[in-house]
Engineer: 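Got a structure for you, questions after.
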Amino acid sequence: MGNFTCFFILHFLLILVIIQHVQPSTSLPLSTNSRWIVDEKGRRVKLACVNWASHLEPMVAEGLSKRPMDAVAEQIVSMGFNCVRFTWPLFLITNDSLGSLTVRRSFQRLGLLEPIAGIQANNPSVIDATLIEAFQAVVSSLGRNNVMVILDNHLSRPGWCCGYSDGDGFFGDPNFNPDLWITGLTRMATLFNGVTNVVAMSLRNELRGPKQNINDWYRYMQKGAEAVHLANPNILIILSGLSFDRDLSFIRTRRLTLTFGQKLVFELHWYGFTDGNAWVTNNPNKMCGKTTDYTMKTSGFLVDAGYPLLVSEFGIDIRGTNVNDNRYLNCFLGMVAELDLDWAVWTLVGSYYLREGTAGFNEYYGILDWNWIDIRNSSFLDRISALQSPFRGPGLSETKLHKVIFHPSTGLCILRTPSANLLSLGPCSDSEPWNYSPRKTLELKGANLCLQSDGSGTTAMLGTVCSRSNSKWETVSESLMHLSSKLGNGTTVCLDVDSNNNVVVNSCKCLNQDSRCDPGSQWFKLVDSTRSGNERKLSIDFDSIVDLRNVFSWNLWLIVKSIFDRFS
Ligand SMILES: *[C@@H]1O[C@H](CO)[C@@H](O)[C@H](O)[C@H]1NC(C)=O
Ligand SMILES: *[C@@H]1O[C@H](CO)[C@@H](O)[C@H](O)[C@H]1NC(C)=O
Ligand SMILES: *[C@@H]1O[C@H](CO)[C@@H](O)[C@H](O)[C@H]1NC(C)=O
């Protein structure tokens with residue numbers, strides 16, 4: 001091989017090697033900038049997390065008997081999550097006789113023999129490690145895969161959580177000694193000081209119970225926050241509200257007094273069952289309006305008050321058979337999109353070693369299936385994927401602020417079709433910028449085209465004459481999620497989606513008090529965004545380079561090595 005050819009090949013390889021390293025990476029630690037969580041460079045980091053439980057009786061991260069932890073971590077990344085909310089029971093770290101149990105002993109003591117064999121096969125390195133070492137090993141595995149971790153103190157006594165009067169719900173309860181809690185938080189924060197992928201600690205899950213009160217909340221949450229910050233000043237501190245993390249309304253009138261800044265985040269939980277069965281027994285528009293209102297008043301307001309808000313638990317029966325859950329989720333996803341919140345879905349867990357006395361408990365809220373390998377229902381992931389990347393925030397503005405039209409029941413957005421002036425649903429990252437004008441037209445920015453219900457009353461289309469009533473879109477119903485306009489003859493219609501994901505208009509669903517109908521297909525949210533369609537195309541190209549890297553990097557390395565060997 002001639003010198004010139006060698007030089008050329010080397011040069012080419014060098015470029016490829018450089019490309020491999022230009023990955024957009026988050027530079028840690030994180031801090032807050034007003035309502036946003038940002039990295040070292042001040043660029044928004046949207047936490048798109050999944051909950052991974054390690055707080056039940058065995059005190060071992062669930063699933064380790066089914067699959068190697070690195071494989072689980074890789075799958076978390078491949079499903080689009082960048083973070084895990086990793087739960088732990090206080091006594092794991094405050095009671096040495098528990099923390100020093102080996103994984104094997106912990107299962108033996110509970111009479112669970114199957115998980116022992118499973119862990120021996122799938123994660124042999126932790127079977128005789130202590131519970132704390134096993135916990136650290138999972139955090140390291142997540143770190144190797146660039147997954148950020150929130151350490152969540154879920155409860156004191158290991159087990160399934162949470163009951164109103166389970167003695168583990170508020171400061172001063174039999175199992176919730178505030179001093180012991182501070183000791184445990186301090187130990188945990190110290191243990192993970194210097195572990196860069198641990199980006200946050202949530203101090204206590206779902207405060208609740210007969211003892212809960214605002215004064216003690218301030219007293220102990222401030223103490224806990226200071227203790228954690230002292231032990232580990234790099235991490236974000238996440239505080240839960242009262243009433244099962246449904247109520248932070250008191251922050252409106254009384255702020256926390258902390259000695260440090262730019263680290264405080266609040267968390268919120270919201271499920272379908274938060275309101276019992278009310279999504280089934282009531283009209284969904286009414287429920288969505290009412291519960292969104294409540295949530296805005298009790299925690300959603302925080303983003304306008306300059307605090308990041310993490311929805312650290314939400315979820316549904318992923319089989320899609322729970323009507324209460326399904327109705328709630330459409331409403332919930334609308335709010336999360338509109339506010340562009342950070343979140344953690346409940347749960348990664350396909351099955352538990354032991355939950356509420358049942359060994360091998362199948363978790364229907366779990367993204368993974370019982371076997372921890374298959375995805376339980378990919379349509380759920382499709383629906384949340386648009387929310388895994390930020391719509392806006394510091395350092396991200398690629399285009400001017402505009403709207404995208406989000407459709408929660410599919411997780412897609414309204415896009416212009418390549419042919420004609422019809423519209424269909426597609427990935428939100430492909431959306432062209434829309435403008436919602438003061439005269440209530442929805443215009444494609446820079447294109448002189450606006451969304452119209454056409455004369456026939458069946459399709460929605462783009463038109464150039466935007467002054468008529470069929471171009472004027474108002475949000476109607478108590479949910480404010482219907483987009484409605486009037487046909488030429490005065491008939492009111494609502495934007496809808498047909499079974500082929502074409503955008504159509506139909507008569508508006510469930511505007512009355514009917515509880516039996518589901519308006520989900522007609523629910524949309526106008527979401528502020530600075531994402532551009534072009535940006536996505538760039539990122540796709542980038543992804544394909546990264547994929548190539550995975551396939552070819554080993555070969556590449558061998559070639560580079562052989563060339564270097566030859567020269568040296
Ligand atoms: C530690 O845990 C063990 C086992 O549950 C229990 O018997 C013991 O009383 C606990 N010790 C303390 C100090 O709480
Ligand atoms: C997945 O979820 C969708 C939507 O809820 C549902 O229609 C479908 O039956 C589910 N599939 C499985 C395999 O659970
Ligand atoms: C208005 O037009 C639509 C679509 O052509 C039709 O279905 C509807 O019945 C008309 N309404 C009235 C009041 O004429």
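What you are looking at is a predicted structure, and each value in this text was computed from that prediction instead of being measured. We count ligands from 1, going down the list as the structure has it; atoms in each ligand are counted the same way.
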Engineer: How far is atom 11 (N) of ligand 1 from the closest protein heavy atom, and which atom is that?
Structural biologist: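 Going atom by atom, the protein heavy atom closest to atom 11 (N) of ligand 1 ends up being Asn95 ND2, 2.9 Å.
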
Engineer: Just which atoms of ligand 1 are under 4.0 Å from any heavy atom in Ser97?
Structural biologist: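 Answer, ordered by atom number: 1 (C), 2 (O), 3 (C).
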
Engineer: If you take the centroid of each ring, where Trp contributes its six-membered ring, are Phe86 and Phe135 closer together than 6.0 Å?
Structural biologist: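 Yes, they do, as the ring centres are separated by less than 6.0 Å.
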
Engineer: Could you check Glu62, Glu57, Glu363 and say which one makes a side chain to side chain donor-acceptor pair (under 3.5 Å) with Tyr352?
Structural biologist: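 Exactly one option meets the side chain to side chain donor-acceptor pair (under 3.5 Å) with Tyr352, and it is Glu363.
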
Engineer: Counting only non-hydrogen atoms of the protein, does one fall under 4.0 Å from atom 7 (O) of ligand 1?
Structural biologist: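 When distances to the protein are checked, atom 7 (O) of ligand 1 has no heavy atom within 4.0 Å.
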
Engineer: Give the atom numbers and elements of ligand 2 that come within less than 4.0 Å of a heavy atom of Gly320.
Structural biologist: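 The atoms of ligand 2 under 4.0 Å from a heavy atom of Gly320 are 5 (O).
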
Engineer: Please determine if Lys66 forms a cation-pi arrangement with Trp370, meaning its NZ or CZ atom is less than 6.0 Å from the six-membered ring centre and no more than 45° off the ring axis.
Structural biologist: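 Positive - Lys66 is close enough to the ring of Trp370 and near enough to its axis.
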
Engineer: Can you confirm if the aromatic rings of Phe171 and Trp181 lie within a centre distance of less than 6.0 Å?
Structural biologist: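 Trp181 vs Phe171: aromatic centres under 6.0 Å.
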
Engineer: Go through the structure and list residues passing side-chain hydrogen bond (donor to acceptor under 3.5 Å, both in side chains) with Thr291, not counting sequence neighbours.
Structural biologist: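 Thr291 satisfies side-chain hydrogen bond (donor to acceptor under 3.5 Å, both in side chains) with no other residue.
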
Engineer: Quick test of your reading of the model: are Arg208 and Asp166 salt-bridged, counting only N-O distances below 4.0 Å?
Structural biologist: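 Salt bridge between Arg208 and Asp166, a charged N being under 4.0 Å from a carboxylate O: yes.
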
Engineer: Atom 2 (O) of ligand 2: which protein heavy atom is closest, and how many Å away?
Structural biologist: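 Checking every protein heavy atom, the shortest distance to atom 2 (O) of ligand 2 gives Asn377 ND2, 2.3 Å.
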
Engineer: If you count the atoms of ligand 3 from 1 in the order shown, which ones are under 4.0 Å from a heavy atom of Asn489?
Structural biologist: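 Per the distance check, 1 (C), 2 (O), 3 (C), 8 (C), 10 (C), 11 (N), 12 (C), 14 (O).
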
Engineer: Identify the protein heavy atom lying closest to atom 9 (O) of ligand 2, giving its residue, its atom name and the separation to 0.1 Å.
Structural biologist: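 It is Arg319 O, 4.0 Å.
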
Engineer: Among all the protein's non-hydrogen atoms, which is closest to atom 5 (O) of ligand 1, and how far away is it?
Structural biologist: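 It is Leu98 CD2, 4.0 Å.
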
Engineer: Going by the atom numbers of ligand 3, which of them fall below 4.0 Å from some non-hydrogen atom of Leu487?
Structural biologist: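 Every atom of ligand 3 under 4.0 Å from some heavy atom of Leu487: 2 (O), 3 (C), 4 (C).
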
Engineer: Mind checking the OG-CG spacing from Ser409 to Leu425? Nearest 0.5 Å is all I need.
Structural biologist: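 Those atoms lie 8.0 Å apart.
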
Engineer: May I ask you to identify the nearest protein heavy atom to atom 4 (C) of ligand 2, giving residue, atom name and distance to one decimal place in Å?
Structural biologist: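 The closest one turns out to be Ser379 OG, 3.7 Å.
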
